[in-house]
Amino acid sequence: MNNTIEVHFLQAGKEKIVTCPFGVTVDSFLESLDGVEGGLAAVRVNNEVLPLSTRLEINCFLKPVSLASRDGAVIYRRSLAFLLAIAARDLFPHRRLTVGHSLGYSYYYTFADGKKPGPDETKSLEREMRVLVKENLPISCGYMAYDEALALFEKNHQEDTFLLFEQRSEPAVRVNQCRGFADLYVEPLVNRTGLLDVFELMKYGDGLILRFPMAGKKTLEHFEDSPGLFSVYREYKKWGNILGVHAVGQLNRLVSGRTIRDYIRTTEAFQAKKLAEITDRIYERRDDVRIILIAGPSSSGKTTTAKRLSIQLQVMGMSPIAISLDDYYRNPEEAPKDENGRPDLECLEALDVPYLNQQLVELLEGKEVDIPVFDFKTGSRKIRGKPIHLDEHSVLILEGIHGLNDACTPQVERKKKFKLYISALTQLNLDDHNRIPTSDNRLLRRMVRDNQFRGTGAAKTIQMWSSVQAGERKHIFPFQDGADAAFNSALDYELAVLKFYADPLLRSVKPNMTEYAEARRILSLLGNFAPIPPQYVPGTSILREFIGESEFKY
């Protein structure tokens with residue numbers, strides 16, 4: 001075995017090669033270099049994001065991960081959640097504080113016993129966290145024997161973590177540790193608590209929220225509440241607790257116990273019930289509402305939801321007519337350009353808003369209108385040749401990225417519009433301290449759909465995902481609280497189905513590709529799920545929009 005290795009890295013825009021001892025830790029290696037700034041969250045070693053305590057044992061290309069970067073921001077947030085878990089263990093050793101969904105730039109937490117935290121408890125938790133920050137304690141990453149890890153998590157009443165080991169079988173279990181507290185390794189954490197000085201704990205609803213800064217920021221932004229979306233999530237979380245499935249280990253038990261098909265039927269029925277309730281709300285306003293506007297982030301299941309909503313409306317005696325905002329794209333030569341000089345199809349100006357509104361007004365006046373269709377292959381808009389008109393029972397369903405933005409339909413009175421926001425808000429956690437980001441749910445949906453229907457590899461989907469998310473933050477999320485209703489399209493069993501398709505796609509992303517780190521992270525997440533056969537998914541399920549063989553035509 002060689003006693004030295006070669007480490008390649010960029011410094012001042014030039015590649016450098018340094019020979020260093022086999023097994024040297026990353027933080028020790030970086031300390032020996034000139035010009036490497038502090039404030040690092042982790043490091044990329046051959047495109048895998050790893051803790052700074054990682055030992056270098058092979059020739060590699062190394063790239064520091066700054067706290068100000070996107071990866072660094074994710075690591076900072078997870079590290080804060082870890083810090084809160086330590087504080088909660090110290091102050092409330094007999095209570096479980098469990099993480100929930102994200103709320104803007106914050107995470108929502110509740111106590112598992114259902115008791116609301118009082119103002120003093122919230123303040124005590126924040127004080128304890130700040131003590132931990134001031135002490136600047138080391139956060140280490142290491143391995144424990146399988147039996148040792150099981151015993152530890154059982155002793156510390158980390159029940160949901162303990163359950164994950166019914167699916168996991170590695171002999172050496174990776175954990176993060178600090179001040180006698182151990183948590184299952186999901187992603188790297190910062191190496192010292194002293195780096196986690198920007199946060200706030202605030203009482204909210206039945207629990208509290210842990211606030212953190214935006215990527216690249218060193219201060220907290222103004223808190224923006226989303227009460228409508230929060231109420232939807234809270235309802236789904238309550239439902240998950242009633243069914244006894246709020247964490248991945250509990251879902252896995254249904255798979256191993258061969259009762260998963262019953263759970264799938266129940267989950268699908270609950271979602272259908274929520275859509276029926278939204279339909280009832282539309283029907284109550286039938287004398288006014290003539291256009292239903294549907295919007296939501298990428299891969300939230302807007303198309304299937306629109307089709308299922310159409311069926312529900314027909315049951316109520318209404319005649320829905322579905323059209324897409326995409327058919328009102330301007331021709332490429334008329335479209336605005338992005339910073340790279342390419343057509344920007346995500347901004348509102350990419351749509352022919354005057355033409356859209358002219359046709360909507362004519363339809364509402366009872367006139368017959370020939371709706372266009374946009375041919376994405378030729379990049380041009382054409383007339384269908386199939387005119388439509390609205391009668392007294394008709395209602396338009398208009399789906400598209402800008403549906404909730406009133407600037408898209410300025411000539412239609414507000415009372416004639418019903419705005420429906422759709423998102424995939426999974427309520428499942430890995431365990432008490434490790435949540436499953438809703439964006440991961442949508443990324444996996446999109447990855448599978450892109451491959452199933454467009455032949456796109458996982459690396460390509462991962463590559464463009466950050467720009468997709470940037471568009472959502474700009475064009476969709478600011479308008480979500482103006483919706484008349486919100487619909488959760490997530491199915492708590494779906495990640496176990498998507499694993500069947502996504503696993504081989506993610507394994508095709510190799511270490512010499514920039515997207516490798518994200519592929520590895522998602523593979524690690526999916527490793528906690530017992531797979532569910534795709535044939536268990538009903539033909540009318542929203543999930544079929546992404547995996548194929550839907551009973552609907554797209």
Side-chain angles (χ1 to χ4, degrees), residues 1-76 78-79 138-145 168 170-177 184-192 195 457-463 465-466 502-527:
M1 178 185 293
N2 292 331
N3 293 322
T4 60
I5 59 171
E6 288 186 350
V7 179
H8 300 239
F9 61 97
L10 289 176
Q11 193 169 43
K14 295 182 179 180
E15 182 175 339
K16 290 196 173 184
I17 304 174
V18 173
T19 300
C20 62
F22 172 89
V24 67
T25 60
V26 170
D27 47 8
S28 297
F29 172 76
L30 292 175
E31 285 176 5
S32 68
L33 300 179
D34 293 327
V36 176
E37 298 180 1
L40 298 182
V43 67
R44 277 181 178 257
V45 179
N46 292 338
N47 284 317
E48 182 176 7
V49 178
L50 295 170
L52 291 171
S53 59
T54 299
R55 294 188 177 276
L56 301 177
E57 299 178 342
I58 58 172
N59 295 338
C60 60
F61 189 92
L62 185 148
K63 182 179 179 182
V65 176
S66 165
L67 280 168
S69 68
R70 177 180 173 274
D71 286 335
V74 172
I75 292 168
Y76 188 91
R78 280 198 175 274
S79 302
I139 300 175
S140 64
C141 174
Y143 289 87
M144 301 176 71
R168 302 171 68 117
E170 61 267 37
V173 179
R174 203 173 190 182
V175 295
N176 291 310
Q177 292 180 294
L184 191 65
Y185 178 95
V186 176
E187 293 180 42
L189 303 181
V190 299
N191 63 347
R192 304 198 69 85
L195 294 169
K460 181 75 177 292
T461 302
I462 291 171
Q463 183 185 65
W465 189 243
S466 61
D503 192 278
L505 299 178
L506 291 163
R507 292 185 189 279
S508 71
V509 183
K510 303 305 180 185
N512 58 359
M513 303 167 73
T514 305
E515 297 78 20
Y516 181 71
E518 186 72 346
R520 286 281 296 173
R521 183 185 70 80
I522 301 171
L523 269 173
S524 177
L525 168 66
L526 292 177

Colleague: CD of Glu6 to OG1 of Thr19: how many Å apart, nearest 0.5 Å?
Modeller: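 Nearest 0.5 Å value for the CD-OG1 distance: 5.0 Å.
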Colleague: Please walk me through it: do Val175 and Tyr185 pass side chain to side chain contact (heavy atoms under 4.5 Å, CB included)?
Modeller: CA-CA 4 Å; Val175 295; Tyr185 178 95; 5.6 Å; no
Colleague: With side chain to side chain contact (heavy atoms under 4.5 Å, CB included) as the test, would you mind laying out the steps for Tyr516 and Asn46 before giving the verdict?
Modeller: CA-CA 9 Å; Tyr516 181 71; Asn46 292 338; over 6 Å; no
Colleague: Applying side chain to side chain contact (heavy atoms under 4.5 Å, CB included) to Glu187 and Arg521, what does each step give before you reach the verdict?
Modeller: CA-CA 7 Å; Glu187 293 180 42; Arg521 183 185 70 80; 3.3 Å; yes
Colleague: State, to 0.1 Å, how close Pro188 and Pro51 come at their nearest heavy-atom pair, and which atoms those are.
Modeller: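 Nearest heavy atoms, Pro188 then Pro51: CB-N, 3.9 Å.
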Colleague: Does the side chain of Val45 come within less than 4.5 Å of Leu56's, by heavy atoms?
Modeller: yes
Colleague: Between Asn191 (side chain only) and Leu52 (backbone N and O only), is there a donor and an acceptor less than 3.5 Å apart?
Modeller: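 No: the side chain of Asn191 does not pair with the backbone of Leu52.
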Colleague: If we ignore hydrogens and angles and just use 3.5 Å, is the side chain of Thr25 paired with the main-chain N or O of Thr54 as donor and acceptor?
Modeller: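 No; zero donor-acceptor contacts below 3.5 Å.
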Colleague: Do you know the tightest heavy-atom contact between Ser508 and Met513?
Modeller: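 Closest approach of Ser508 to Met513: O-SD, 4.3 Å.
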Colleague: Can you see which heavy atom on Ala459 is nearest to which on Glu515, and at what distance?
Modeller: O-CG, 3.5 Å
Colleague: Look up atom SG in Cys20 and atom CD1 in Ile5, then write down how far apart they are to the nearest 0.5 Å.
Modeller: 4.0 Å
Colleague: Report the C-alpha distance between Leu62 and Leu30 in whole Å, list the side-chain angles of each, state the deciding distance to 0.1 Å, and finish with yes or no for side chain to side chain contact (heavy atoms under 4.5 Å, CB included).
Modeller: CA-CA 10 Å; Leu62 185 148; Leu30 292 175; 3.9 Å; yes
Colleague: Distance check, rounded to the nearest 0.5 Å: Phe22 atom CZ versus Ile58 atom CD1?
Modeller: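 Reported to 0.5 Å precision, the distance equals 10.0 Å.
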Colleague: Where is the tightest heavy-atom contact between Ser66 and Leu40, given as atom of each residue plus distance?
Modeller: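 Looking at all heavy atoms of both residues, the shortest contact is CA-CD2, 4.2 Å.
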Colleague: What do you reckon, is CZ of Arg520 surrounded by more than 12 foreign heavy atoms closer than 6.0 Å?
Modeller: no
Colleague: Do Asp71 and Ser69 meet the criterion of a side-chain donor-acceptor pair at a distance under 3.5 Å?
Modeller: no
Colleague: Working to the nearest 0.5 Å, report the span between CD of Glu15 and CZ of Phe61.
Modeller: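 With rounding to 0.5 Å, CD (Glu15) is 5.5 Å from CZ (Phe61).
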Colleague: If we only count heavy atoms from C-beta on, is the Lys63 to Leu10 side-chain gap below 4.5 Å?
Modeller: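 Not touching, per the 4.5 Å side-chain cut-off.
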Colleague: Mind checking the SG-CZ spacing from Cys60 to Phe9? Nearest 0.5 Å is all I need.
Modeller: 10.5 Å
Colleague: Hey, does Val509 have a side-chain heavy atom less than 4.5 Å from the side chain of Leu523?
Modeller: no
Colleague: Would you call Glu170 and Arg168 a salt bridge, using N to O less than 4.0 angstrom?
Modeller: yes
Colleague: Looking at CG of Asn59 and OG1 of Thr4, how far apart are the two atoms once the value is rounded to the nearest 0.5 Å?
Modeller: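 Between Asn59 CG and Thr4 OG1, I get 8.0 Å after rounding to 0.5 Å.
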Colleague: Kindly give the heavy-atom pair with the smallest separation between Ile522 and Leu506, and that separation in Å.
Modeller: CG2-CD1, 3.8 Å
Colleague: For Arg55 versus Gly23, what's the shortest heavy-atom pair and its separation?
Modeller: NH1-O, 2.9 Å
